[in-house]
Visitor: 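Just dropping this structure here.
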Number of protein chains: 2
Amino acid sequence: MPVGLNPDEHELLARIAHRSYVDARTQEQIAEEFALSRPKVGRLLERARATGVVDIHIDTPRGLDLGLEDRLAEVFGLRHAIVAPAAAEPAEQRALVGRSAARYLERRLADGQRVAVGHGRDLAALAAAFREPTATGCVFVSAMGGSPSVDAPTNPNEIARVLADAADGTAHSLYAPAYVADGQVRDQLRRQDAVGGVFDLAATAALALVGIGGTDDECTMVRSGCLSAAEIARLRARGAVGDVLGTYLDAAGAAITAPHSERVMGLSLTELRNIPAVVAVACGPEKPLAILGVLRAGIVDALVVDEPNARAVLNLQSGARADRAQES
Amino acid sequence: MPVGLNPDEHELLARIAHRSYVDARTQEQIAEEFALSRPKVGRLLERARATGVVDIHIDTPRGLDLGLEDRLAEVFGLRHAIVAPAAAEPAEQRALVGRSAARYLERRLADGQRVAVGHGRDLAALAAAFREPTATGCVFVSAMGGSPSVDAPTNPNEIARVLADAADGTAHSLYAPAYVADGQVRDQLRRQDAVGGVFDLAATAALALVGIGGTDDECTMVRSGCLSAAEIARLRARGAVGDVLGTYLDAAGAAITAPHSERVMGLSLTELRNIPAVVAVACGPEKPLAILGVLRAGIVDALVVDEPNARAVLNLQSGARADRAQES
DNA sequence: CCGAAACCTGAGCATCCGCTCACCACTGAG
DNA sequence: CTCAGTGGTGAGCGGATGCTCAGGTTTCGG
């Protein structure tokens, strides 16, 4: 029961709340009935809500924590944050994140929008769960190169195709590897019409859909053969915590620069920043630092993650803020 | 959890409800966020309420049953129905009803209103609990004669005085007995300025405050000496179930007529009907039929009763309706 | 006892919300 | 395949709501 309220006041608030919420009377009618002014009734109703005399409870589907999403969006300045319920099995967890991301994307897509598509198991899970959205005529474009095993479901081309199929739209594939030998080769490749044209389409997309990769030896880049274990180790040594479209970032959100960054066949951070909306999807226990780095880079507009990552990232960030506060 | 809702729909309703009720966003902002039209968001919120995804609970003070009040008001066409919580002890019950009635009257009184006042233990309890209302300059007028023991706290004069004191208003006393020998004496008395003037004041009051008397041998009329046990028994034999200002009614709400009705020194039912608002107060286990009769007479605008009576009266009425339905 | 500050109050106004209505897509029967 | 019926959708509008602000009252401290 509400505290700091005398019984008469409590009764009045309950009566007025009853009229308002149960009988759906207008504030004016209630004012009339209780011989009060209309604004006063409004204030009493507000007070009833504030003191808990009226308790509005929302039956959230099991596992969904909307407050957590709000905090995530607030702390990192995101437009949308979607937190999928926690799951015991990694595969199940990825499916849940994929499903959440799919529902989100279905809502978010607008007619005729072009979508730049990244790679990874999380985006593959999104694609697998994706159903026909309300929007029509959408175009899905690979935003980065592929891995040696070209038909793997985690390749951008494959993901773009699956999405286009489900959305009854079209797909543009990028026929290039994720990494080339050096910047010179990259520039040369991008000058090819078949490659550069797709890059341009991706760079001017209305929306980018990206995974967040890790820097462990089991990450997608290594498993798919895009990078060697030695290369990943070198990136780790330079402070890399994760990647977006092949560009690696440190924990502060800064890009790991040349020579590695010049070998990437994927939209750069600058190009990504020019896309109006970047949707990032991530899950898995190895990801908190990677997500943190990407969020701090300020390129992400919407984030879809599993609950453990959401909590972990928030803890890392608030810990960092506490540290800074202590220093000063 | 809500039934008949698929999980995706449930999640969407919960998300939208969260934005609306927790984050206090406007429907337009929500529509923007979820790529829906504004009316659609309104409909979804309505649906969320209907399906129980949002559950609005009102913390009612212990013992208060606002739904019961609503039914009472609905069934008998009352403007207000106030039900005081049930109590174990009769004295406690009367105090609770008196308190509820006092709070109600304090709210209801408007500046300068004249109030016609009846008698009885229930009104005495009201007067005892009465505190200064917001309205000022109110006038309290006895609407019926008194009992032989003139200073008893249940006499109209005494009740009017207490109310006037508390409200910082004025009181007009009626110096006449509740019953006289016959109609001739009554008319004669009412022609006296000191008596007739007060009657006129009472008859043109903005509000009447009446108790509902029973017809048992322990009723106020008998206990105060206004009527003898024999007289009450005769009234019972004629079908009387209760009284208002000394006028007895049967269970259908019709007045018991002459000769008894002509001996009353109190506002008649007709006079009462001309008063814009009649507030009746009643409590006690012997009262259900009396209350029923008075309510059926259609003179009452607002009723204050204890919970047992409220339930009993509703049961009696719905039983009667069922009977009539069965006949036809 | 007096002054000032804090609070509460109700008028006026801009915004928000629910309702009505015409329109359209989908469905099922002919 | 056609067409009436049904359920859902968004425009437009009038009423309802929340907010701001000036005025008045209470309650402190001096």
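The chains referred to below are lettered A, B, ... by the order of the sequence lines, with proteins before strands, and numbering in each begins at 1.
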Visitor: C:dC8 P sits how many Å from A:Arg47 CZ, rounded?
Guide: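 About 8 Å, once rounded to whole Å.
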Visitor: Could you tell me whether the side chain of A:Asn6 and the main chain of A:Asp8 form a donor-acceptor pair under 3.5 Å?
Guide: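 Looks like yes, one N/O pair under 3.5 Å.
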Visitor: How close or far is atom P of C:dC8 from atom CD of A:Glu46, stated in whole angstroms?
Guide: 12 Å
Visitor: Assess whether one donor atom and one acceptor atom, taken from the side chain of B:Arg43 and the base of C:dG18, lie less than 3.5 Å apart.
Guide: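 Not at all, since no donor on one side and acceptor on the other fall under 3.5 Å apart.
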Visitor: Taking 4.0 angstrom as the limit, do A:Glu106 and A:Arg103 come out as a salt bridge?
Guide: yes
Visitor: Return the CD to CG distance between A:Glu11 and B:Leu66, rounded to the nearest 0.5 Å.
Guide: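 If I round to the nearest 0.5 Å, the distance is 8.0 Å.
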Visitor: Indicate whether the side chain of B:Arg161 and that of B:Ser173 have a donor and an acceptor atom separated by less than 3.5 Å.
Guide: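 Not at all, the side chains of B:Arg161 and B:Ser173 share no donor-acceptor pair under 3.5 Å.
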Visitor: What is the distance, rounded to the nearest whole Å, between atom CZ of B:Arg38 and atom P of C:dT15?
Guide: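 Rounded to the whole Å, the gap is 15 Å.
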Visitor: In whole angstroms, how far is the P atom of C:dG18 from the CD atom of A:Gln27?
Guide: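 Taking atom P of C:dG18 as the reference, CD of A:Gln27 is at 13 Å.
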Visitor: Rounding to an integer number of Å, can you tell me how far A:Leu36 CG sits from C:dT9 P?
Guide: 9 Å
Visitor: Please check the phosphate of C:dC16 (OP1 and OP2 only) for any side-chain N or O of B:Gln29 closer than 4.0 Å.
Guide: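 Indeed not, no polar side-chain atom of B:Gln29 lies that close.
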Visitor: Find which nucleotide of DNA chain D each of B:Lys40 and A:Pro39 is nearest to by heavy atoms, and output the residue with the more 5' nucleotide.
Guide: B:Lys40
Visitor: Report the distance from atom NE2 of A:His80 to atom CG of A:Leu303, rounding to the nearest 0.5 Å.
Guide: 12.0 Å
Visitor: Is B:Val97 close to B:Val281 at the side-chain level, that is, under 4.5 Å between some pair of heavy atoms?
Guide: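 Yes, close enough: below the 4.5 Å cut-off.
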Visitor: Tell me: CZ of B:Arg49 to C1' of C:dC17, nearest whole Å?
Guide: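 In whole Å, C:dC17 C1' lies 10 Å from B:Arg49 CZ.
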Visitor: Hey, where on DNA chain D does chain B first and last touch, going 5' to 3'? Cut-off is any atom under 4.0 Å from a heavy atom.
Guide: D:dT9 to D:dG12
Visitor: Taking CD from A:Glu9 and C1' from C:dC8, how many angstroms apart are they, rounded to a whole number?
Guide: 13 Å
